[in-house]
Amino acid sequence: MEPDILIRDAIVLTVNERNQLYQSGTVVINDGMIQEVRSSEQEDGDKTAKTVIDGSDRLVMPGLVNAHAHLELTALTGAFSDMDLSEMFAEMTALCEQLGRGQYEYLVEAGCDLAALNFIRSGITTTNSMDALPSRGAEAFGEAGLRGFFGPWISDLFWDIPEDEQFERARSFIEEYHGSYDGRVQATVCPHDDWSCSREIWKRTADLAEEYPDLPIHTHLLELDASNTMARANDAEDSLGLLEEVGLLNDRLVAAHFRVASEDDIERMVANDASVAHCPSIFSYWEPDGEAEWTPVPSLREAGTTVGLGLDDHYWHDSSDLLGEARQARLAANLSFGTNQFHSMDLVRMLTIEGARALGVGDELGSIEPGKRADLIVLDLSDPKFVPKTNIPALVVNTATAGDVESTIVDGELLMYDNEIQTVDTERICERVETAVKRFGNELDWEMGIGGSDPPTHLRTVRDLPKRGPAHLVARLGLQHVKDWL
């Protein structure tokens, strides 16, 4: 019986344990699995399959893993680009509160569809996202054929949604969506961060995680100086100490950012097999104090921590190009810690197998090996910018962009083939996004057009925003700062 997909005569970057690279390789896919990976043979030209891809001037590599993301406001790409940090956070805080109350669902649905479309085009086959309304992302990505990890974020000091309601939402989401869409959509447990969650929330999160022992724990960790301050307000020595006390510092933990980590923090992450999702572009664009504290990725990886790459809020920095995050990670690390912090293959692994391992699926995804799920991408290397084809890993992380992705395959299904999207209606999605953004702008008197974005001075969402959550956050942090000073 002929296989589903045969890719022949391609450069194949396997990202296996030996980082094996075929100058002329063949990949055979059947029933959603990688069946063969080997050097091409003369008779491969005569072999048939349901789809045969001529790999001449093409690179085949594992699908990209977006290890940390938020999807809901994708339709507002360009809206925040020229705001200052305080203005952007004010608008986002207000919008998140309203999203949590079910407002602007039309905008969320359109945005999640747009994210799915653009991720297919960018070669992102797996995404780990935390959102107020994760069902919208789960459905959009599931129906598009993508793979994703989703969960509702939980916080008692950032917004004013009752805690019982938040945990019920989380439990309901897990029960409905975990393992859906032929297993491509999985649930996560998502305490939002270590600067807006009380000890009680962390304890309840640990109880929820114990109910579902196979789910990753996805959070923002050591993102800000306030992280350890809040931990002390929660009667812990520091942020990792609090997580360890409640039982969440373990191999299920996927910690986004980890920017203000100490050497001791790194050692504790390694000792507990926890993972980090590094998102360099977001802090290059929105550095809070003008003096960047970069995630110590070289030290983390040298110590043995698994580190994946993520886009975070891609609509804040207007890019869904995860390949670009590899280049940004290199530049940021070299600027902060000195040159030659990464070998190019290190960055390729962070884009693929390390992201998969962080999510607990490294034995299924992240490399091109027989017996693994067939999640892979094909890049067109025919452009002169790839001449000569010397040092393929460097070309991937320094030269290639999302626009070079020609085909995207998930579970053996072609989501994009020869630059043509197969699983979603591109025109319909774009029209839906345009309509949603126009409606949103009209409702809030927020002017958005080809010249830029001009939000109103006082958004209705800001006027209507309940203050209990954010006020409690500021009060807890302020009180602890006073205690530290005394």
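Predicted model, so just to flag it, every value in this text is computed and none were measured. Starting from 1, each residue takes its place in the sequence as its number.
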Query raised in the report: Is any side-chain heavy atom of L133 closer than 4.5 Å to a side-chain heavy atom of E72?
Result: yes
Query raised in the report: Taking the side chain from D131 and the backbone from L71, do they hold a donor-acceptor pair closer than 3.5 Å?
Result: yes
Requested in this report: With the side chain counted from C-beta on, respond yes when L311 and T127 share a heavy-atom pair under 4.5 Å apart, and no when they do not.
Outcome: no
**Report entry** Main-chain N/O of S196 paired with S155 side-chain donor or acceptor, under 3.5 Å
**Finding:** yes
**Report entry** Working for side-chain contact (heavy atoms from CB on, under 4.5 Å), residues M345 and L13
**Finding:** CA-CA 10 Å; M345 197 63 210; L13 184 58; 4.1 Å; yes
Query raised in the report: Within a strict 4.5 Å, meaning less than it, do heavy atoms of the L365 and K372 side chains meet?
Result: no
Query - side-chain contact (heavy atoms from CB on, under 4.5 Å) evaluation trace for L240 with M269 - result: CA-CA 8 Å; L240 289 188; M269 290 289 281; 4.2 Å; yes
Query - Residues forming a side chain to side chain contact (heavy atoms under 4.5 Å, CB included) with S281, sequence neighbours excluded - result: H317, E325, Q328
Query raised in the report: Salt-bridged, R268 to D264, with N to O below 4.0 Å?
Result: yes
Query - Polar side-chain atom of Y285 near backbone of S81 as donor-acceptor pair, under 3.5 Å - result: yes
Requested in this report: Run through I421, T423, I5 and flag the one making a side chain to side chain contact (heavy atoms under 4.5 Å, CB included) with L414.
Outcome: I5
Query raised in the report: So, for V15 and S367, which heavy atoms are closest and what is the spacing to 0.1 Å?
Result: O-CB, 3.2 Å
Report task. Output all residues satisfying salt bridge (Lys or Arg N to Asp or Glu O under 4.0 Å) with E434, sequence neighbours left out; order by chain, then residue number. Result -> none
**Report entry** Expected output: side-chain T408 to main-chain M416 donor-acceptor under 3.5 Å
**Finding:** no
Report task. Establish, yes or no, whether a centroid distance under 6.0 Å links the rings of F149 and H218. Result -> no
Query raised in the report: What pairs with R204 under salt bridge (Lys or Arg N to Asp or Glu O under 4.0 Å), at least two apart in sequence or on another chain?
Result: D164
Report task. Would you check if V189 and L248 make a side-chain contact, meaning some heavy-atom pair closer than 4.5 Å? Result -> no
Query - Nearest heavy-atom neighbours spanning H278 and V307 - result: CB-CG1, 4.0 Å
Query raised in the report: Just checking, any donor-acceptor pair under 3.5 angstrom between side chains of S227 and S239?
Result: no
Query raised in the report: Listed by chain and number, what are the side chain to side chain donor-acceptor pair (under 3.5 Å) partners of N16, not counting sequence neighbours?
Result: T14, Q20
**Report entry** Close side-chain approach of L73 and D313, heavy atoms under 4.5 Å
**Finding:** no
Query raised in the report: If only atom types and distance count, is the side chain of N234 paired as donor or acceptor with the main-chain N or O of C197 below 3.5 Å?
Result: yes
Query raised in the report: Can you check side-chain contact (heavy atoms from CB on, under 4.5 Å) on Q166 and W153, steps first, answer last?
Result: CA-CA 8 Å; Q166 293 186 56; W153 54 275; 5.8 Å; no
Requested in this report: Find out whether L242 and M230 are in side-chain contact, i.e. whether some heavy atom of one side chain is under 4.5 Å from a heavy atom of the other.
Outcome: no
Query - For D411, salt bridge (Lys or Arg N to Asp or Glu O under 4.0 Å) partners two or more places apart - result: R147, R373
Query raised in the report: Of the non-hydrogen atoms in Q35 and N30, which two are nearest, and what is the gap between them?
Result: NE2-CB, 3.7 Å
Report summary line: The side chain to side chain contact (heavy atoms under 4.5 Å, CB included) partners of N118 (sequence neighbours excluded) come to L114, R121, S320
Requested in this report: Please assess Q341 against R330 for the test side-chain contact (heavy atoms from CB on, under 4.5 Å), listing each intermediate value before the final yes or no.
Outcome: CA-CA 7 Å; Q341 292 298 317; R330 165 175 270 160; over 6 Å; no
Query raised in the report: Can you name the side chain to side chain contact (heavy atoms under 4.5 Å, CB included) partners of A138, sequence neighbours left out?
Result: F150, F173, Y177, V185
Report summary line: Residues passing the side chain to side chain contact (heavy atoms under 4.5 Å, CB included) test with E237, sequence neighbours excluded, are none
Report summary line: residues 184-196 vs salt bridge (charged side-chain N to carboxylate O under 4.0 Å, His left out), sequence neighbours excluded, gives none
Query - Shortest non-hydrogen separation from L146 to I124 and the atoms involved - result: CD2-O, 3.3 Å
Query raised in the report: Within the side chain of N66, is there an N or O that forms a donor-acceptor pair under 3.5 Å with the backbone of L322?
Result: no
Requested in this report: From the options V276, N228, T295, select the one residue that forms a side chain to side chain contact (heavy atoms under 4.5 Å, CB included) with L222.
Outcome: N228
Query raised in the report: Just by distance, do the side chain of R357 and the backbone of T306 share a donor-acceptor pair under 3.5 Å?
Result: no
Report task. Report yes or no: does E163 contribute a side-chain atom to a donor-acceptor pair with the main-chain N or O of D156 at less than 3.5 Å? Result -> no
Report task. Compute whether any side-chain donor of one residue and acceptor of the other, for E431 and T435, lie under 3.5 angstrom apart. Result -> no
Query raised in the report: Would a 4.5 Å heavy-atom cut-off, applied to side chains only, mark V246 and T205 as touching?
Result: no
Query - Test item: side-chain donor near acceptor, T401 and D321, under 3.5 Å - result: no
Report summary line: residues 235-263 vs ring pair (Phe, Tyr, Trp, His ring centres under 6.0 Å), sequence neighbours excluded, gives H68-H257, H220-H257, H257-F283
Query - Closest approach of G362 to I353 (non-hydrogen atoms, all atoms of both residues) - result: O-CD1, 3.7 Å
Query raised in the report: Can E175 and R171 be counted as an ion pair, charged N to O under 4.0 angstrom?
Result: no
Query raised in the report: Can you list every salt bridge (charged side-chain N to carboxylate O under 4.0 Å, His left out) pair that touches residues 343-353, not counting sequence neighbours?
Result: E17-R349, R301-D346
Report task. Kindly indicate whether the side chain of L64, heavy atoms from C-beta on, has any atom under 4.5 Å from the side chain of T352. Result -> yes
Query raised in the report: Can you name the salt bridge (Lys or Arg N to Asp or Glu O under 4.0 Å) partners of E165, sequence neighbours left out?
Result: R169
Query - A326 to L351 - nearest heavy-atom pair and separation - result: CB-CD1, 3.9 Å
